[in-house]
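Keep in mind that what you see is a predicted model, and the values were worked out from it rather than measured.
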Amino acid sequence: MPTTSVHVAEHIARPAVEVYQYVSDPANLAHWASGLGNGVEQVDGEWQLDTPGGRATVEFAPQNPHGVLDHRITLPEGVVIEVPMRVLEHGPDDAEVVFTVRPLAGMSDEDLAQDVAVVTEDLQRLKAVLEGQPVS
């Protein structure tokens, strides 16, 4: 099992505060985070999404001025995944989103590489959405 986290980053030519506001709204997950799931909706005050294993929930850290977008995903079987994520300011119109992919128990190097690839695609999609580029 791999023991080292992998940090995936994407530069976005938008103000960090705008990137943070967009990403911190779970309603926007369906537009950029296809690796997480789809069918995102709020049910009884809880954000839920469809995953291959069933309904999962996602909860972001409270709104904050530091760009912290850490979130907790609770899978249908009750497994909780803690995901560190940040928006870093690089100037008035530039931001960097950093997502930490952590290896889970029993995960192989190939599984971790697959997760990193999915997160990379999601962050590239986020960049396209926020920069007004065509989304693939």
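- Using modelled atom types, one finds a donor on one side chain and an acceptor on the other under 3.5 Å when comparing E96 with H90.
- With values rounded to the nearest 0.5 angstrom, D70 atom CG is found 9.5 Å from F60 atom CZ.
- Exactly one of L88, V97, D94 qualifies for a side chain to side chain contact (heavy atoms under 4.5 Å, CB included) with H11. That residue is D94.
- Using a 4.5 Å heavy-atom threshold, the side chains of R86 and V68 count as touching.
- Across all non-hydrogen atoms, the minimal contact from A16 to A95 is CA-CB, 3.7 Å.
- Taking 4.0 Å as the cut-off between side-chain N and carboxylate O, R102 and D115 do not count as a salt-bridged pair.
- For the pair D109 and D111, the minimum side-chain heavy-atom distance is 4.5 Å or more.
- Between W32 and K127 the shortest side-chain heavy-atom distance does not fall below 4.5 Å.
- Between atom CD1 of residue I81 and atom CG of residue L75 there is a gap of 4.0 Å, rounded to the nearest 0.5 Å.
- Note that the CD atom of E46 and the CZ atom of R55 stand 9.5 Å from one another [nearest 0.5 Å].
- When all heavy atoms of P76 and G54 are compared, the pair lying nearest together is CG-C, 3.5 Å.
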Criterion side chain to side chain contact (heavy atoms under 4.5 Å, CB included) on Y20 and Q63, from CA distance to verdict: CA-CA 9 Å; Y20 175 83; Q63 291 282 313; 3.4 Å; yes

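- The shortest side-chain heavy-atom distance between V83 and I73 falls under the 4.5 Å cut-off.
- Taking OG1 of T57 as the start and CD of Q42 as the end, the distance is 12.0 Å to the nearest 0.5 Å.
- V87 and V17 end up in different hydrophobic clusters when Ile, Leu, Val, Met, Phe, Trp and Tyr side chains are linked at under 4.5 Å.
- Under a hydrophobic clustering in which Ile, Leu, Val, Met, Phe, Trp and Tyr are joined whenever their side-chain heavy atoms come within less than 4.5 Å, directly or via other members, V118 and L49 fall into different clusters.
- In this structure, the side chains of F99 and V116 stay at 4.5 Å or more apart for every pair of heavy atoms.
- Checking V98, T100, V101 one by one against V8, the side chain to side chain contact (heavy atoms under 4.5 Å, CB included) holds for a single residue, V101.
- Here the straight-line distance linking atom CG of D122 with atom CG of L29 works out to 9.5 Å at 0.5 Å rounding.
- Note: E10 CD to R125 CZ = 11.5 Å, rounded to the nearest 0.5 Å.
- The closest donor-acceptor contact from the side chain of N64 to the backbone of P62 lies under 3.5 Å.
- Looking at residues two or more places apart in sequence or on another chain, you find a salt bridge (Lys or Arg N to Asp or Glu O under 4.0 Å) between E82 and R72.
- Across every non-hydrogen atom of P26 and S24, the tightest pair is CD-O, 3.1 Å.
- Looking at S5 and P103, their side chains come closer than 4.5 Å, going by heavy atoms from C-beta outward.
- The closest side-chain heavy-atom distance from H71 to M85 is below 4.5 Å.
- Contact annotation: the side chain of L130 approaches that of Y22 to within less than 4.5 Å [non-hydrogen atoms, C-beta and beyond].
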